[in-house]
Amino acid sequence: MGQRITNKEYNHLNVLRASEILFTWANMFHSLNENDRLSMIQKLAYARQALGLFQHHDGITGTAKDAVVVDYSNRLLKATNYSLEMAATLITKMYHLRNPITPLETRSSISKPLTMQVLKLTHPKQVILYNPLGWGTKRSVRIVTSSPEVKILDVNGAIVSCQANLVFSPTDGSLRSHEYEIVWIAHLLPLTVTSYTIEPDTSAASCVLSSLEVMYGTPPSVEGYPFKVSTVTPREFSISTSSMNLSFSNSAFLLKANDFIKKKSFQISNSFRSFGVRTTKQKSGAYLFLPDGDSKLKATIPSYSRTIRGPLQSSVAVGVGTPYNSVCIGFFSLASLIIYTYTTCADC
């Protein structure tokens, strides 16, 4: 049905709400010069309009024509960048920071994936988090550094447990050398800015290196650090947290989910089908789906499968299809929370 799944992440635009709260706070209790204030008002108004436009039914269902969807996406990308820019500027001003802060995640184009800024840890750096919610929460924080030998400190100077993962390219799946994902659990108070300090630490006692299991594809060659990488034969396996267990088939697809809290079990099956496109004048539109015939079952032998296991995060990534028409499925378990993500794209 022409679902524009990769655009859905823009629909909520949580950063817009965060920048609105910060702007109101700064405008009431801190001095903003008139030029900054008017510029931010214009950007907030643009971001609101862009979000409202996308929430029209053609944007939600993805049934608009390609040119319209591209316009939706460009507007939302611009709105997201405006909001991120304002939030960073406002936090810098309100907390009288010496150096301006910059977002760790950026996207330069709608056709490109999110890119994480790689922190070069030649000296300690601060990671600043803002919780725009009216209640306290725990959130996973993921950053990319140039070394897995790090230490995380909270605002009181206490060491925070963390996990280091290998980083793979979102386009061709290759291992990215000298890039490591650092994961930890942040405790965020309501409507509060919180900072964590990340600094180099050769002992790395608080940051555990995750293990990698490769069931399909070629295992990467890891140099410099003792990440455990193993090749496993196709078999059923599972990943678990204190609240849920996910079981996978020997093709690395989800079979069953057991919810320990609700004491329920869910059976799951996966299959992939493709439809052809009509070459006649009568084509699919906003309310009609007109393929050229019956769907065709696609082969479900993964091109790769990677299982990362660690104390804070475990994940399964599977690739199906050709490099130009692939499906990536990820299952993430973090503390007591498991999130299932499903993405289709031309280059994931």
Side-chain angles (χ1 to χ4, degrees), residues 1-13 50-51 53-77 107 109-114 168-174 215-217 234 236 246-257 266-306 315-332 339-348:
M1 288 295 291
Q3 288 285 340
R4 316 291 177 142
I5 299 176
T6 53
N7 292 345
K8 301 305 182 186
E9 64 183 293
Y10 293 120
N11 190 27
H12 300 293
L13 212 60
L51 180 60
L53 182 65
F54 184 76
Q55 288 177 331
H56 180 263
H57 68 90
D58 274 353
I60 296 298
T61 60
T63 50
K65 292 183 178 180
D66 287 346
V68 177
V69 173
V70 169
D71 183 57
Y72 283 149
S73 302
N74 281 325
R75 288 172 181 268
L76 281 175
L77 177 61
R107 188 195 297 269
S109 168
I110 60 171
S111 62
K112 295 181 180 179
L114 278 172
F168 296 89
S169 169
T171 54
D172 59 12
S174 61
M215 194 158 65
Y216 293 92
E236 293 187 6
L246 297 179
S247 299
F248 298 83
S249 69
N250 56 9
S251 296
F253 294 117
L254 189 60
L255 282 179
K256 184 170 62 174
F266 305 93
Q267 298 291 331
I268 301 169
S269 63
N270 296 273
S271 64
F272 300 93
R273 293 180 172 272
S274 63
F275 292 90
V277 178
R278 293 190 182 188
T279 57
T280 60
K281 290 184 178 180
Q282 192 178 24
K283 298 180 180 180
S284 299
Y287 302 102
L288 293 175
F289 178 52
L290 303 173
D292 66 347
D294 295 336
S295 65
K296 297 177 178 62
L297 184 65
K298 295 182 69 67
T300 55
I301 299 177
S303 56
Y304 69 85
S305 73
R306 298 188 295 264
S315 65
V316 178
V318 188
V320 177
T322 68
Y324 304 101
N325 183 21
S326 59
V327 178
C328 305
I329 304 174
F331 304 89
F332 300 91
I339 302 172
Y340 170 49
T341 64
Y342 175 87
T343 305
T344 61
C345 61
D347 57 1
C348 66

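All figures in this text were calculated on a predicted structure; none of them were measured in a lab.
Atom CD of residue Glu236 and atom OG of residue Ser251 lie 10.0 Å apart, to the nearest 0.5 angstrom. Ser249 OG to Leu254 CG: the interatomic distance, rounded to the nearest 0.5 Å, is 8.5 Å. Considering CG of Asn250 and OH of Tyr216, their distance stands at 5.5 Å, rounded to 0.5 Å. From Lys296, atom NZ reaches atom CZ of Phe275 across 9.5 Å, with rounding to the nearest 0.5 Å.
Residues that satisfy the side chain to side chain donor-acceptor pair (under 3.5 Å) test with Ser174, not counting sequence neighbours, are Asp172.
Checked against Val318 for a side chain to side chain contact (heavy atoms under 4.5 Å, CB included), the options Tyr304, Phe248, Phe253 give a single hit: Phe253.
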